[in-house]
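Right, one structure below, let's go through it.
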Protein chains: 2
Amino acid sequence: MMSDESPARPLTSRELAALIGVSQSAVSRAFTPGSSISSKLRARILGAAHEYGYQPNAIASMMTTKRTKIVGIVVSDMRNPFYPALIERLTQALQRVGFQSLLFNISPGARIEEQLVAIRTYNVDTVIVISATILDDRTLNWAAGGRRAILLNRLSHQDMPTVCCDNVAGARAVVDHFHAIDRHRIGYVAGLAKTAVGMTRQGAFTTRLAELGMRLVGSAGSEAYTFEAGWQGALDLLAARPDAIFFASDILALGGLGALRAAGVRIPEDIAVAGFDDIVMAGWPTNDLTTYRQPVDQLIEKAIEMTLAAEIDEDRLVLLPGELIIRGSTSGD
Amino acid sequence: MMSDESPARPLTSRELAALIGVSQSAVSRAFTPGSSISSKLRARILGAAHEYGYQPNAIASMMTTKRTKIVGIVVSDMRNPFYPALIERLTQALQRVGFQSLLFNISPGARIEEQLVAIRTYNVDTVIVISATILDDRTLNWAAGGRRAILLNRLSHQDMPTVCCDNVAGARAVVDHFHAIDRHRIGYVAGLAKTAVGMTRQGAFTTRLAELGMRLVGSAGSEAYTFEAGWQGALDLLAARPDAIFFASDILALGGLGALRAAGVRIPEDIAVAGFDDIVMAGWPTNDLTTYRQPVDQLIEKAIEMTLAAEIDEDRLVLLPGELIIRGSTSGD
DNA sequence: TTGTATGCGTTATCAG
DNA sequence: CTGATAACGCATACAA
């Protein structure tokens, strides 16, 4: 493919056709899998394309096929390391099935719709929404403009197609673990409390605590999934003297660990700490954070499946279980 | 814009024109800044567009204008938190000037050209390359297919348009700081040693050491910009008994800090530690890492400028100075 | 300023 | 299986 120095203007199918004496449609067919063309002619055309450096113009083909092979990925928070990791693997998975990713980075605050206009005008085939916040279902549907929208790691109040970690199972696993290591004075540091995911996690957590007769001695809110919010949340809980704290996400937990250690609290002897997500940093020896690992690969696999499916009739809400990763922040060893 | 429930098929300019009794070209002109149309007619058309939910189809307009308003962003490593932070701000800045970002996440290893074909077929206006590795200039030029390619935070061996942090100034600032705090047995942990950025940083560092009569007691290589590589690099240097170590990037330095602390080394009393980039984590109280801050906003500003410029004649290589951020890992306080 | 007509590069329909 | 021809939705040269 690199045999030729790139000319300023790329070759068109018609030009290539003229060059080797076939019709323009033949060239098009050569590049269309499953089209009716003899393997001999196809080979000749593909050979010539290779030689002359011809590649079909994807933009032009969008005109007739009405498909862009582009997925719009809507994000709003790349500060939390969980998201870049998710996005990286998602875009790679999409590329493997022939899709490209147009990244829509929505800034919180003003003029959200204005930022979303591009999603409609660029005619992406599918919109995958990773942003936990900012967009309500209605805005989302508008932005999708009739195209398929899939929620990834985010819950809908309507019945939009959704792929999400099973937050209930995750929160319960953490409680059960706290119970197993004999902690009974439990604290909770929330992330974005108003989001569906946040509420689900917190609800399941407190419910399971009650089932096991454990005591929620304190609960700290926070405005964001950030290190600083976790730090502050941990400090706010100290007065309640918990012997274990569950942070709604790893990035919060890392902040919490920092605050607790700075306050002279021994982890896990005095307070056991658990997070949620299993971001890479949670596994660093310096953090060694017990956490509920999100099934990222399976989440992505499902999202891709939904992207490719002709219809999404059943299983519009896919909840996938993760796995509790027990590390030093809760286990004495 | 949300006045209408999104119809399955979006309106075309011709349909809108028919609806309000003007020509299709009038509709097109209403949406084209600077086109010859009376403000009265434009207002009427934009009003109707708003009412009926019409938005120009960006794909179709690409056919005639030959411009996609899409920038291809080539990345290969989102594990190093510096990159997501850069990408987030870059895509937002691009959006503000009316460009969308198509993310090309190149997996190291096989079939790189195959992964790059999409860049050509999608006709992006500009390619911004953030990936430090993987692609040589020739492959890059091929992938760009005659379009503009800009290197961001990466150096070229040819004269491709480049915006990069001034690594020489950065490395020198670190050495000067080590000198100022009276350290003379210096260690260095390299990142990807084979990259131009890596070589520049290392070269400037050792040169400045020599100028100030300081001693490079040891130097550790590493295969990647990762926490683990930094951890190992720090361990490798211990035998040489350095009193200060410069890590080629923050993520390496964080690993190094972990390893040193685990080994009982006091920071900064025994060994002062400095990184490069100033990722968010460097500023966390738990890390408190002295580092050379990359001028991210200015880098992006310049990259946007180059993206929008008609020609890039002079200033094809823009080197921007950063700022040494002194924190607890080198300063006793 | 406005409308009419043409073309962008491809896919899809229709004959042969 | 192959070639000619008609869209796709918009921007622009041209005519009015």
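Every chain is numbered from 1, with letters handed out A, B, ... down the list of sequences. Both backbone and side-chain heavy atoms feed into the values below; hydrogens, waters and symmetry mates do not. None of these values were measured; they are calculated from a predicted model.
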Go through the side-chain N and O atoms of B:Thr121 and A:Gln55 and say whether any donor and acceptor fall under 3.5 Å apart. no
Ring pair (Phe, Tyr, Trp, His ring centres under 6.0 Å) pairs, two or more places apart, involving residues 54-81 of chain A: A:Phe31-A:Tyr54
Go through B:Val127 and B:Val71 one step at a time and tell me if the side chain to side chain contact (heavy atoms under 4.5 Å, CB included) criterion holds. CA-CA 6 Å; B:Val127 180; B:Val71 170; over 6 Å; no
Across the strands shown, which category fits A:Ile59 at heavy-atom distances under 4.0 angstrom: base, sugar-phosphate, nothing? nothing
Can you list every salt bridge (Lys or Arg N to Asp or Glu O under 4.0 Å) pair that touches residues 77-94 of chain B, not counting sequence neighbours? A:Arg79-B:Glu88, A:Glu88-B:Arg79, B:Arg89-B:Asp297
Helix axis bend for the helix from C:dT1-D:dA16 to C:dG16-D:dC1 - C1'-based end axes, five pairs, 10° rounding: 40°
Restricting to pairs with a member in residues 26-38 of chain A, which pass side-chain hydrogen bond (donor to acceptor under 3.5 Å, both in side chains), not counting sequence neighbours? A:Ser35-A:Arg42
Given A:Thr162, which of A:Leu155, A:Val129, A:Val318, A:Ile150 fulfils the side-chain contact (heavy atoms from CB on, under 4.5 Å) condition? A:Leu155
Is it true that a side-chain atom of B:Asp125 and a backbone atom of B:Lys69 form a donor plus acceptor pair closer than 3.5 Å? yes
Do A:Asn123 and A:Arg67 have side-chain atoms, one donor and one acceptor, less than 3.5 Å apart? no
Using a cut-off of 4.0 Å on non-hydrogen atoms, how would the nucleic acid contact of B:Ser36 be classed: base, sugar-phosphate, or nothing? base
Each nucleotide in nucleotides 8-16 of chain D should get exactly one letter: B, S or -. Can you fill that in based on protein heavy atoms under 4.0 Å? BBBBBB---
Which nucleotide span of DNA chain C, 5' end to 3' end, has atoms closer than 4.0 Å to non-hydrogen atoms of chain B? C:dT1 to C:dG9
Are the side chain of B:Gln95 and the backbone of A:Asn105 linked by a donor-acceptor contact shorter than 3.5 Å? yes
Measure from the side-chain N and O atoms of A:Arg14 to the backbone N and O of A:Ser23, and report whether any donor-acceptor pair falls under 3.5 Å. no
